[in-house]
2 protein chains.
Amino acid sequence: MSQDGIDLETSLGYLLKEASSGLRAAMETVLRPLGMSVTHYSCLELLAQRPGLSNSELARGAFVTRQSMNVLLQALERDGDVTRPAEARVGKVLPAQLTPRGRRSLEKATVAVRSVEVRMLGGMTQEEQSGAHRILQSMIHSLRNDGESGSR
Amino acid sequence: MSQDGIDLETSLGYLLKEASSGLRAAMETVLRPLGMSVTHYSCLELLAQRPGLSNSELARGAFVTRQSMNVLLQALERDGDVTRPAEARVGKVLPAQLTPRGRRSLEKATVAVRSVEVRMLGGMTQEEQSGAHRILQSMIHSLRNDGESGSR
DNA sequence: TGACTCATGTCAGTATTTTGACATACATTG
DNA sequence: CAATGTATGTCAAAATACTGACATGAGTCA
């Protein structure tokens with residue numbers, strides 16, 4: 001016996017999942033009235049900040065496979081929110097761009113998402129927020145290295 | 001202009017998603033050799049710590065719908081990892097239990113998952129870990145209240 | 001007692017995501 | 001220059017999760 005499992009109340013992994021799940025749910029709630037999914041929004045936001053990102057780069061930035069991002073991008077192109085050149089200028093990479101229409105739909109979504117983030121951070125001091133920043137980046141970095149072939 | 005979007009490098013929401021995605025990927029990597037998915041593992045761990053949990057309670061604990069958990073539970077019952085009474089003693093609730101076989105498969109998974117969590121926490125002081133605990137719970141609590149009908 | 005609300009287990013259909021695979025283009029290395 | 005490795009875009013198939021719906025049982029309240 002002696003505490004065999006991982007205590008879910010204490011486990012930082014579980015808390016991380018719980019917080020992320022709550023954030024996603026809150027984002028879905030505010031984005032749904034705009035007819036937008038979380039991945040949908042993430043894609044537009046990424047393109048606004050880094051115009052010319054390729055499908056694969058967008059996929060990595062939104063934490064989905066490039067196949068999933070591709071079907072989303074095709075829908076966004078069809079709806080006129082995003083443009084991609086018909087053929088690559090170099091390699092196979094097709095740099096995507098936000099259209100004015102895409103920029104407009106992003107604006108409303110950004111406001112909604114920001115309100116969620118503000119609510120999430122409510123009750124945290126500035127110091128706690130920078131602490132959270134540092135801690136999360138530490139977790140990310142630690143997980144990135146040593147994918148599977150750890151020691152030995 | 002003037003910083004219209006949400007800076008992804010700085011956004012705690014984005015960092016939270018990145019950390020959670022990294023954790024999930026790392027867990028999938030170590031659980032795959034055991035033929036187990038993350039939800040699969042979560043279900044067994046929940047049952048080990050709180051025997052008699054119902055399907056709906058397990059679903060909430062693993063952050064999936066009760067329908068998804070139900071198909072998983074049926075598979076686990078079929079494989080002999082979990083048992084549920086044929087009919088409810090009270091209401092419709094069917095309390096689930098881990099079988100010795102289920103407990104055994106959980107043991108290996110717990111070791112694997114614990115190694116991931118240890119790696120994630122590597123480089124963090126004890127104080128930082130308790131700080132992370134407090135901060136994550138603050139986020140969870142803030143997101144839980146005011147689901148959608150916030151102010152006005 | 002009866003009407004109402006809420007939560008549960010479960011079935012069916014839909015939607016979304018991932019896995020697998022392929023051809024192609026560039027970079028590296030000998 | 002040829003061979004190899006890596007990365008991309010894309011198609012098809014499989015797995016997974018979700019939405020919608022229904023019947024049932026318990027609790028509440030008048």
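Labels below follow one simple rule: chain letters A, B, ... track the order of the sequence lines, proteins then strands, and each chain is numbered from 1.
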Heavy-atom check, side chain of M36(B) versus side chain of S105(B), under 4.5 Å: yes

Between E45(A) and T110(A): side-chain donor-acceptor atoms closer than 3.5 Å: yes

Spacing between L53(B) atom CG and dG9(C) atom P, to the nearest angstrom: 10 Å

Spacing between H40(A) atom NE2 and dT17(C) atom C1', to the nearest angstrom: 17 Å

Nucleotide-resolved protein contact map, nucleotides 2-7 of chain C, B/S/- at heavy-atom distance under 4.0 Å: ------

For atom CD of E87(B) and atom P of dT24(D), their distance in whole Å: 15 Å

Sugar-phosphate only, base, or nothing, as touched by R89(A) at under 4.0 Å among non-hydrogen atoms: nothing

Five-pair end axes of the helix from dT1(C)-dA30(D) to dG30(C)-dC1(D), angle between them (10°): 40°

4.5 Å side-chain heavy-atom contact, V82(B) and T99(B): no

Donor-acceptor pair between Y14(B) and E18(B) side chains, under 3.5 angstrom: no

Gap between atoms CD and P, on E28(B) and dT18(C) respectively (whole Å): 9 Å

Contact state string [nucleotides 11-22 of chain D, B base, S sugar-phosphate only, - no protein heavy atom under 4.0 Å]: B-----SBBBB-

side-chain hydrogen bond (donor to acceptor under 3.5 Å, both in side chains) partners of E57(B), counting only residues at least two apart: S54(B)

Path from M69(A) to V93(A) over hydrophobic side-chain contacts below 4.5 Å: no

Salt bridge (charged side-chain N to carboxylate O under 4.0 Å, His left out) contacts touching residues 82-92 of chain B (sequence neighbours left out): E77(B)-R84(B)

Nearest atoms (heavy-atom pairs only) where M139(A) meets A132(B): CE-CB, 4.2 Å

Nearest-Å distance for atom pair CG/C1', residues L94(B) and dT8(C): 9 Å

Side chain to side chain contact (heavy atoms under 4.5 Å, CB included) against H133(A), all qualifying residues, sequence neighbours excluded: Q137(A), L12(B), L15(B)

Pair S68(B)-T65(B), side-chain donor/acceptor within less than 3.5 Å: yes

Any T83(A) side-chain heavy atom under 4.5 Å of L98(A) side chain: no

